[in-house]
Structures are given as C-alpha cells and as structure tokens.
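Below is one structure, written out as structure tokens; comments come after it.
Nothing here was measured: the structure is a model prediction, and the numbers come from that model. Whatever order the structure lists them in is the order used to number ligands and atoms, beginning at 1.
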Amino acid sequence: MGLLSEGTPLKWDEVKKYADHVREHGIIQLLSAIRKYSNRSNDPLYWGDELEYMVVNMDNHRASLSIRQEEILGTLMSVNVSKNVSYHQEYGRYMVESTPRVPFGDKLEDIGGLEDNMALRRSTARSFVGPKEHVITLTSYPRLGVGKCAETKKEVGGPATKSLFLPDDIINLHPRFPTLSQNIRERRGKKVEISVPVFQDTATKTPWVDPITTERPEGVPGDQIYMDAMGFGMGCCCVQLTFQGESMDKTRDLYDAMAPLTPLMLAISAASPIFRGVLADQDVRWNVVSASVDDRTDEEKKRIPKSRYDSIDCYISRENPILAKNPDFYNDIKVLTNPKVAKQLEEGGLANDPLLVQHFSHLFIRDPLVIFEERIDQDDENSNDHFENIQSTNWQTVRFKPPPNNTIGWRAEFRPMEIQITDFENAALCAFVVLMVRCIIKYKVTFYQPISQVEKNMKSAHVRDPIHRVKYWVRTNILDQTADTEPKFAELSVDQIFNGTNTDFIGLVPLVEKYLNETDEELTKETREKFDSYLELIAGRASGEIPTDAQWIRNFVLNHPSYKHDSIINEEINYDLVKAVEELGIGKKWNTLGKGLLPQQK
Ligand code: ADP
Ligand code: MG
Ligand code: MG
Ligand code: MG
C-alpha cells in the first residue's frame, strides 16, 4: 500500500479543484527524483513479495470476516524486529498485508528462504489474532456481500459506498480508504458497477435471477453477478513482487520484459471462481478489481478506454535495440496522454526520452482521488506525496517505481498474481517469477510482442479455466535476438507456453531449468530440490495434471453435499470452504482434502 498520509481528507468537490496542482507538483517531484537518481548504477537485484491475508472468524459452523485490522496490526507492531516480518494496512478492514521487513538479497540461494519467510509471516500473524480468528490466504471471500458477511452491526448502504450489499464498516478506518471509495463514486457520478458472468450449472436459474436483489442500475446486465462497491475488488487478496533493477534503464528493461508475462501468470495463478456468493464463469479477480475502482464518467468512458486499474498500455525501455528499432510495432495501441504533463516533462529535461514522457503523462491523465488538507503544499525537492498520489492509484499489471530516497533504487513491480491457499504455492509462483527475472537478465530474453497482443491475452485470461480453454499470443524466438531478427509470434496453449513446444518455443519452465543447470552460483541440494518442486507445480498446472486453486475451489463446491447445482454458495459451503482453506494454509490435510493440489515431490 503506497501512500498513507494522515490528516483531513477533502471531499471530491474540493479535490477536483486541486487536481492540476497535484499533477503539476507530482511531476516536479518526479523530475527531482529523476535528477537525483537517474545516475544510480550497480544496485543489487534485491526483491520482496507482498502477501495479503484475510482474517476470518469461525465459530459454531459459521464463518465471517473479522474487521479488527487496527487492533491486530497494532499488536503486530510489537513483533521482535529480529524477525524478518512486517505487516501493513490494506483496503479491507479484514485484511492484513505482510512483507519481509528487509528485502531478499541478490543471491540465488536467497530465493530458497522465501517459503520459510512466508511461513514465519503467517505463523506470526496467526499468533496475534483472537482464539476464534484465523488467517487465510484466499483471493476472493466467497460470500462477500451476502447476508452478515462481516462481524459488524452496521448496515449496508453507508455513506462511502451506498452499497446494496456491503457495509462501509468493512473498509479500513484510515480516512484514506472510505474517502477513496466515496470520491471514486462521486467522481464518476454514480456507484461503481461490477458484473461477472454466472457459471451455468444444471440447476442454475435461466434466465438468472439474482438471489439478493433485482435492483440494479440501467445498463448493468441482469444475467450477471452484480456488485456495487470498491470492496468487492479492493477487498480481494493478491501477491505482488518488487525488484530493484541495476539502474534506471535496466529497471525499464525489466518492466517491459515482465509485462508480457502478466496475463500468463494471472492465468496460472487463477484462484477466484466465486463472487458475492455465486459461482462465476471466470476464475480470476482482475476485471472485478478494475471495475471496482473505475472512476471514469460515462462521457470519459467513450474516450478513455481503461480503468485506472488495468493492464499497461506502453513499453518504456530506452536501451533495448529491438524496441528502439521498431517502437510503433510493439507500442501499437493508442496511448492517451496528458499534454500539459508531457510538456512539463519535456521542459524538465526529458525531451530526448519520449517513451518515459509517454509513460508518465499517460499515468497522469488521472485525477488525484484523495487529498489531505494539511498536505496540499509540499517541499517538492524532498517529498513525493503528490507524485505517489497519482502513481499509486494507477494500479496496473506492472509498475515502474522511482527511488523514494537514496537508500532504495529503481524498482519494477509485478502485480497480476492471485494469492494462493498455501505458502508452498505462493512461494512457488514468486520463486518462478524471481528465477524468470534472473533468466531475463542473464540471457537477455526478449519477450517483446505488440502490446495489443498482451492486451488480448489479458482478456483471454478472464474465462472459466483460463489454462485449458484459451490460447495466448507469445513471441516464440526469445533467445539471442538482435534488432535485425524477424520476430515470430504464435498463439499457444498454456501447456506449450510453460512446458515448451518441440519446435519453436523453449517454454518458460525449461528456460528456468536451463538457468538453474547453467548457473555457477552456489546452490544447496535442498534448495535445488525445492525449486524443482516449484517447477513441478507450475508445469503440472500448465499441463493440467495439477489444478489451479480456482479449479480446486470450484470442485470443492461442486462436490459439496449441500450444493444444489444452482451456482449458489450457501453458509455451509462457505464455512467448509473457508475452513478447508485455513487448514491447507497451515499444512493440514494436504494428503486428503488437498490431494492433488500440490505436486508429488512436496
Ligand atoms: P507497495 O507500494 O507496492 O505496497 P511495499 O513498500 O509494500 O510496496 O514493498 C513491496 C516489496 O518491495 C516488499 O516486499 C519489500 O520488501 C520490497 N522492497 C523494499 N525495498 C526494496 C528494494 N530496495 N529493492 C527491492 N525490493 C524492495
Ligand atoms: Mg497490498
Ligand atoms: Mg505493500
Ligand atoms: Mg505492491
């Protein structure tokens, strides 16, 4: 979670008066950071993950969300600093984010410590919750917005969201969060509108009849799961990774290289087949979060194609010769920019850096959403609040992070993945991405493909079973590329992408194996075996031998004795599912309940 200023938040009517002020000073602050840090070099490949937990209450065969973030975080602050754990606020008042206290180092062996660190973070968090509270890692809470889904007496329809389903009490009490929700609603002139297709089971009502309400705004399809509050999206949990690049330019290269991987890692991490108590005909959260913070007015929607939570629109490398030779071929979608901001950046010293100007003037088409009265005027040389105000409310698939001070370098963040039920799976996905980043750097891997293809892939990942039912566009010649080689692209299955084709494409898992076999860095047998079991999970998911969490959750519901094949998740299923997720999360029942979810080697 980026910025957490204290103070009096302004209402939207006031915020909008300061929008240009925030943008202008945000860019001054950015230019100051660029001036100070553009020559940083030789920064080590530090990296760290962020995991988001839900705290649930389980009592008397009933599960509900426990909205005690302030108390729990308050006590978690007392954790001994010798433990490499750290906890942070999140949007949902039932959520807690955990990270390592200090990032992981740049040795290959350091990746081997990730899973133990995740386990320590979970067990530490668990030791700070109440006797009936449990810490789980689940992307979307099954019955969020149904009945009394959280431990609160407050009703739905609160002033921030006016939701038909979710009480405002599930929102983090820090003024930033209710204000963010309210200002998004006021900016767009109505509540957010989220809809997701219903999974058609044998007894699912057709046409679909919403079990809670038939009330919905005009234009929202009646045959879909309708949601109307930020919490349905921002209340989902995910796992993110941040990498420090060697320099500003190397970080830009890394940002570009990671972008084509985002839809693929979204698909392989799919873990959210249920929204608002109904089985969905998709397995991922991304478009739900996207719509949940979409602040565009109807008029803007006609000219601004995407929400501020969405996939990226342009590559930004300055040094990569392949992009440099053919920028319009790869940056092939129209990128909306703020001309005033572009001019300010050009006059501020970036006239020779059109892709960076495009990138930031694109992010700065957005308005600030929350401004604290006490922080309108800042010391632009030493503060980055106004910059972060816009930057950290552009929630895109990858993020390019300038140094906030002189102790941290340029970083690129990988943001698409869904949180997994077990730390083994979370560590496997994260370690895979970290290893892939090392491949990218070592072999100068070229994933560049027209960004419209990445966009297509992102859409493709939004189906039920995005591993088997769709194919994805990839560049197939990814090694030893020069500006003169003819790029090759193909639409491949997830199996082919991860496990390789016999002909053209090496495959992502074999690429990582090549790296592990060729490295001269020291690696213990134990860590190598751990990596092999991580790769087995990913290869197994891609080939279909191992289910994604979404498939596992869906099957759990479909086989539950009280499921009526009508797509509805009742209280009993919700409880049993949450309990199962909790148990699997702490290593219980892997051989019974979780059979098949994890690879044999584990
Ligand atoms: P966000 O703004 O995305 O919430 P956080 O500050 O929570 O970001 O940190 C994201 C991750 O970045 C954490 O895992 C943290 O350990 C890691 N991190 C911190 N410093 C560095 C660094 N210098 N290089 C790489 N990663 C870092
Ligand atoms: Mg977070
Ligand atoms: Mg964070
Ligand atoms: Mg983050």
Side-chain angles (χ1 to χ4, degrees), residues 1-5 46-55 69 72-73 76-77 84-104 114 117-118 121-122 125 135-141 170-172 174 176-177 180-181 230-245 251 254-255 258-259 262 265-266 269 271-272 285-286 288-290 292-293 308-312 363 384 387-404 408-420 426 429-430 433-434 437:
M1 188 45 59
L3 189 72
L4 276 183
S5 306
Y46 292 157
W47 56 278
D49 69 293
E50 299 165 72
L51 295 180
E52 291 168 351
Y53 305 130
M54 287 181 187
V55 183
Q69 181 177 154
I72 295 170
L73 268 182
L76 273 169
M77 296 302 167
N84 190 16
V85 301
S86 179
Y87 299 91
H88 316 272
Q89 306 196 36
E90 253 308 330
Y91 179 85
R93 211 171 149 200
Y94 52 86
M95 294 163 81
V96 171
E97 180 183 287
S98 90
T99 63
R101 186 182 292 271
V102 289
F104 299 104
L114 175 63
N117 182 264
M118 286 178 171
R121 278 146 58 188
R122 186 188 293 258
V135 175
I136 59 168
T137 41
L138 186 60
T139 299
S140 78
Y141 183 75
I170 62 103
I171 306 172
N172 183 334
H174 186 290
R176 170 179 149 88
F177 300 93
L180 196 52
S181 321
M230 185 167 163
F232 285 108
M234 282 296 181
C236 288
C237 293
C238 69
V239 49
Q240 299 169 339
L241 281 161
T242 294
F243 298 89
Q244 178 172 270
T251 311
L254 185 56
Y255 172 98
M258 293 198 305
T262 55
M265 293 312 292
L266 175 65
S269 69
S272 42
R285 77 196 186 294
W286 188 269
V288 173
V289 199
S290 176
S292 83
V293 288
R308 52 201 297 160
Y309 190 114
D310 220 312
S311 49
I312 63 158
L363 299 186
N384 64 359
F387 168 70
E388 282 295 332
N389 194 330
I390 306 288
Q391 156 99 341
S392 71
T393 54
N394 270 278
W395 298 276
Q396 300 186 326
T397 37
V398 278
R399 183 180 281 165
F400 176 55
K401 298 171 163 179
I408 296 179
W410 295 89
R411 290 147 303 142
E413 185 182 20
F414 189 79
R415 304 168 47 83
M417 294 194 292
E418 311 226 319
I419 193 106
Q420 308 293 294
N426 284 311
L429 291 174
C430 288
V433 176
V434 182
V437 163

With side chain to side chain contact (heavy atoms under 4.5 Å, CB included) as the criterion, how do Y53 and I136 come out once you've worked through the C-alpha distance, each side chain's angles and the decisive distance to 0.1 Å?
CA-CA 6 Å; Y53 305 130; I136 59 168; over 6 Å; no
Name of the E90 N, O or S atom nearest the Mg ion (ligand 2)?
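The closest N, O or S atom of E90 to the Mg ion (ligand 2) is OE2.
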Which atom name would you report as the N, O or S atom of E97 nearest the Mg ion (ligand 2)?
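Output for this pair reads OE1.
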Does any N, O or S atom of Q240, backbone or side chain, fall under 2.8 Å from the Mg ion (ligand 4)?
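For Q240, the answer is yes, given that an N, O or S atom comes within less than 2.8 Å of the Mg ion (ligand 4).
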Evaluate the side chain to side chain contact (heavy atoms under 4.5 Å, CB included) criterion for residues I312 and Y255: first the C-alpha distance (whole Å), next the side-chain angles of each, then the deciding distance (0.1 Å), finally the verdict.
CA-CA 10 Å; I312 63 158; Y255 172 98; 3.3 Å; yes
Once rounded to 10°, what is the value of the angle centred on the Mg ion (ligand 4) between E413 OE2 and E50 OE2?
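Result: 90°, to 10°.
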Just checking: E52, one of its N/O/S atoms, less than 2.8 Å away from the Mg ion (ligand 2), yes or no?
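Given the 2.8 Å cut-off, E52 counts as a ligand of the Mg ion (ligand 2).
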State, to 0.1 Å, how close F177 and I171 come at their nearest heavy-atom pair, and which atoms those are.
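Smallest heavy-atom distance, with atoms named: CB-CG2, 3.6 Å.
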Pairing donors with acceptors under 3.5 angstrom, does anything connect the side chains of Y91 and S181?
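There is such a pair (donor and acceptor under 3.5 Å, judged by atom type) between the side chains of Y91 and S181.
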Consider only side-chain N and O atoms of S98 and R121, and report whether a donor and an acceptor are under 3.5 Å apart.
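Their side chains do contain a donor-acceptor pair, which is all the 3.5 Å distance test asks for.
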